[in-house]
Amino acid sequence: MSAAPGTRLLLASVLVVATCGLVYELIAATMASYLLGDSVTQWSLVIGVYLSAMGLGSWLSKFVVKDLHARFVAVQLVIAVVGGLSAVALFYGYAYLASVRPLLFSILVIVGTMVGLEIPLLMRIVGDGQELKDTVARVLAFDYVGALLASLLFPLALLPHLGLVRTSLLCGLFNAAIALACARVFRAHLPRPRALLVQAALICLGLAGGLVFGGRLERLAERELYDAPVIFSEKTAYQRLSITRSGDDIRLYIDGNLQFASSDEHRYHEALVHPALAGVNPRRALVLGGGDGLAVRELLKYSALERVDLVDLDPGMTRLFGRDPLLVRINHGSLSDPRVHVHNADAMRWLEEHVRTGSEVYDVAVVDLPDPNNFSLGKLYTGSFYRLLRRALSPAGVGVVQATSPYLAPRSFWCVVKTLAAAELHPRPYHAHVPSFGDWGFVLVSPAPRPEPTRLADVPLRFLDDALLPTLFVFPRDQRPPEVDTNRLNDQLLVHYYEEDLRALPGRGGRG
């Protein structure tokens, strides 16, 4: 074999296969979190299964005693096909299979085993005629550099710009290209060089074609997740935003979870905003979450309001709902109102900075965050967060917190109530029926005790009236508070309550 070019190719192969191998693991973990929720659990399982499979592959490598070059090329082709198509397979699997978990773990075991097998094979090929210590040092150095590249490229470049489907196809294409290059350079060492060259070339062409049409493949796969046609889909730096339309009903999904339906969102947002403002003449308002501008729309009905600070993490969300004509009609252009100031920041960090700098307090705060289905969101339902919220309110101020469903997720709802009480925000829980979500829960809060509201402000409403308002604070006997603990930053029991509540009601979910 031609030592110099062959060795250089093999070392480049180590770099590529290490980078792609870690990217496949990151894709699987991201898809698992996206489709199954509870990101910490899913990431932990994916990493554990993948590393175990790599260990299995390393152990199996001792049984490969001949045709090392051919085995390495074959391994690359298996990884290229299974890893390259993994994201598409998981999207469609989620849509059509009773459970996507067997498919997910099958992909992890196959790819992990092949990745674990390829590094020992490369070491043996590279080490032909060299000292073992030199071989191990060179191969592992390139392997770790590849891991670093993957950890930087995936969150900063690949996922934001290509999305999951095209990222997996691109990595598959790299694996297939390595197989093709090795089949050409080492053809003298292959028992059937022509067959491997043809296979590698065909797989390269197939993955390249998939990459060209990857955006369309991703949209087609995503459409299988929803009951109505998808009219918009975008993967922002933080989440996937999908909008469907069926007749006049427009629906927003974040990471596959329904956020609102235009046919009944007025019920949700009126119930969220107006009970808190009964008897209040707000001048300054704070909205945490609610990047769709619908809670802001309700606040702007109060003529005394001088300023609204909207804090939403995702600039892609606020930009979309500030510019798209269809969505602007739904929120009445609320995000373009000169009284509204948009801050794209983490709500907890923004509150910390606001309180630390002694900025002016608010008359009303509306906390309209997604359900606590992972620990990143769960921190925004902790006592630490609510104590910051309390300090951001004026002594006579009032707030409201979206608190999941008291029927679908009773422990989650009452955990939020108990955590607010521990933060000395004097919670007043209530609920309203929203057809798209079912029975939905909210909590009025205030630094000082306040009576339940009995009379709404004189603003235009479609759902609420003075007769209905007192009934929102009445809970039936089958919704009595269960025994729960408070949600703290260091344990976040709320996330576990939420997952357990929804598992008890298969097929039903909330504003995740």
Side-chain angles (χ1 to χ4, degrees), residues 33 36-42 44 257 268 271-272 275-276 288-289 347-348 351 365-390 393 398-434 437-447 449-450 452 471-512:
S33 299
L36 303 173
D38 190 0
S39 58
V40 172
T41 299
Q42 304 309 329
S44 181
N257 298 297
Y268 174 89
L272 173 72
L288 301 173
M348 192 164 193
L351 265 184
V366 177
V367 184
D368 187 22
L369 297 163
D371 284 358
N373 61 8
N374 61 60
F375 293 105
S376 295
L377 289 168
K379 73 176 184 180
L380 305 178
Y381 290 80
T382 60
S384 301
F385 181 79
Y386 291 144
R387 284 188 289 273
L388 289 170
L389 178 66
R390 186 177 188 274
L393 284 169
V398 64
V400 61
V401 176
Q402 184 283 119
T404 80
S405 169
Y407 179 70
L408 298 176
R411 285 185 296 176
S412 306
F413 177 80
W414 293 106
C415 176
V416 173
V417 175
K418 188 168 184 177
T419 305
L420 288 164
E424 299 181 357
L425 275 168
H426 306 97
R428 293 279 187 173
Y430 66 102
H431 57 147
H433 180 70
V434 183
F437 299 138
D439 186 39
W440 210 256
F442 311 88
V443 188
L444 288 184
V445 297
S446 55
R450 296 173 65 92
E452 291 176 2
T471 69
L472 302 183
F473 293 85
V474 178
F475 287 84
R477 295 181 65 182
D478 63 356
Q479 288 183 282
R480 289 175 176 171
E483 286 294 325
V484 291
D485 202 351
T486 58
N487 189 41
R488 292 176 289 272
L489 198 57
N490 65 324
D491 56 22
Q492 293 204 34
L493 289 175
L494 176 61
V495 176
H496 299 295
Y497 287 150
Y498 184 82
E499 291 293 324
E500 292 166 4
D501 282 341
L502 294 193
R503 275 200 295 269
L505 292 164
R508 305 181 76 172
R511 284 183 87 247

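Computed from heavy atoms alone, side chains included, the values below leave out hydrogens, waters and symmetry copies. Throughout, residue positions are numbered sequentially from 1 according to the sequence presented. All values reported here derive from a predicted model rather than from experimental measurement.
Considering CG of D439 and CZ of F475, their distance stands at 7.5 Å, rounded to 0.5 Å. Taken to the nearest 0.5 Å, the CD atom of Q402 stands 12.5 Å off from the CG atom of L288.
Between the side chain of R428 and the main chain of R450, a donor-acceptor pair closer than 3.5 Å is present. Using modelled atom types, no side-chain atom of D371 and backbone atom of N373 make a donor-acceptor pair closer than 3.5 Å.
Judged purely by distance below 3.5 Å, without hydrogens or angles, the side chains of Y498 and Q492 never pair a donor atom with an acceptor atom. Side chains of Y268 and D368: a donor on one and an acceptor on the other come within 3.5 Å.
Considering every non-hydrogen atom in both P447 and H426, the closest pair reads O-CE1, 3.0 Å. Residues D485 and C415 approach most closely at O-SG, 3.2 Å, considering heavy atoms.
Under the 6.0 Å cut-off for aromatic ring centres, Y497 and F413 do not qualify, their centroids lying 6.0 Å or more apart.
Residues satisfying the side chain to side chain contact (heavy atoms under 4.5 Å, CB included) test with P482, not counting sequence neighbours, are R411, W414, V484.
D501 is not listed as a side-chain neighbour of T404, based on a closest heavy-atom distance of 4.5 Å or more. The shortest distance between side-chain heavy atoms of F385 and T419 does not fall below 4.5 Å.
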